[in-house]
Every structure is written in C-alpha cells, then in structure tokens.
*Asks:* 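Take this structure, written in structure tokens, and hold onto it; I'll ask about it next.
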Amino acid sequence: MGWETTRTLLNELATIVRNTCRRVDHEAEEPTFELDTKPNAKQRAALDRVNDIRL
C-alpha cells in the first residue's frame with residue numbers, strides 16, 4: 001500500500017468521532033453517554049485493513 005493510499009485512509013478514519021451527550025432538559029446529576037459516529041463504507045474498509053495488521 002502506497003503512502004498516498006495510507007494517508008487517504010487515515011484521513012477517512014479521522015472523521016469518526018465519539019460525542020459525549022446529555023439530554024437537553026437534563027438534571028444536574030444526570031449522567032452523560034457516549035455516541036460514536038457510524039463509519040461509512042470507506043471508513044469501514046479502512047477499519048477492516050487496520051484490523052488485519054499483525055504485529
């Protein structure tokens with residue numbers, strides 16, 4: 001895999017985020033929850049490649 005391809009895949013992965021959320025009308029003690037963005041097809045393919053790496 002060339003550097004340009006690797007950089008493109010890393011750029012795709014960089015747009016996956018984890019958001020910390022809370023209801024709009026929350027009580028002060030109400031806990032937050034995390035919500036990850038769902039990977040699109042390119043991101044899923046990049047994640048599959050990362051998961052195939054063996055060290």
*Asks:* Heavy atoms only: give me the nearest Thr37-Thr15 pair and the separation to one decimal.
*Replies:* OG1-O, 4.1 Å
*Asks:* Mind checking the CG-CD spacing from Asn11 to Gln43? Nearest 0.5 Å is all I need.
*Replies:* 11.0 Å
*Asks:* Determine whether Ile16 and Val50 fall in the same hydrophobic cluster, where Ile, Leu, Val, Met, Phe, Trp and Tyr are linked whenever their side-chain heavy atoms lie under 4.5 Å apart.
*Replies:* yes
*Asks:* If you round to the nearest 0.5 Å, how far is CG of Leu9 from CG of Asp48?
*Replies:* 11.0 Å
*Asks:* Under a 4.0 Å N-O cut-off, is there an ion pair linking Glu30 with Arg22?
*Replies:* no
*Asks:* Going by side chain to side chain donor-acceptor pair (under 3.5 Å), name the residues that satisfy it together with Asp52, two or more places apart in sequence or in a different chain.
*Replies:*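 With neighbours one apart ignored, the set is empty.
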*Asks:* Would the distance check show the side chain of Thr20 and the main-chain N or O of Glu34 forming a donor-acceptor pair, the cut-off being under 3.5 Å?
*Replies:*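 A pair under 3.5 Å: no.
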*Asks:* Dump the intermediate steps for side-chain contact (heavy atoms from CB on, under 4.5 Å) on Arg49 and Ile53, then the final yes or no.
*Replies:* CA-CA 7 Å; Arg49 285 186 178 214; Ile53 296 172; over 6 Å; no
*Asks:* Can you tell me how far apart CZ (Arg44) and NZ (Lys38) are? Round to the nearest 0.5 Å.
*Replies:* 10.5 Å
*Asks:* What's the spacing between Thr32 OG1 and Arg23 CZ if we round to 0.5 Å?
*Replies:*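 It is 13.0 Å, given to the nearest 0.5 Å.
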*Asks:* Side chains of Val17 and Asp36: does their closest heavy-atom pair fall under 4.5 Å?
*Replies:* no
*Asks:* Is there a donor-acceptor contact under 3.5 Å from the side chain of Asn19 to the main chain of Cys21?
*Replies:* no
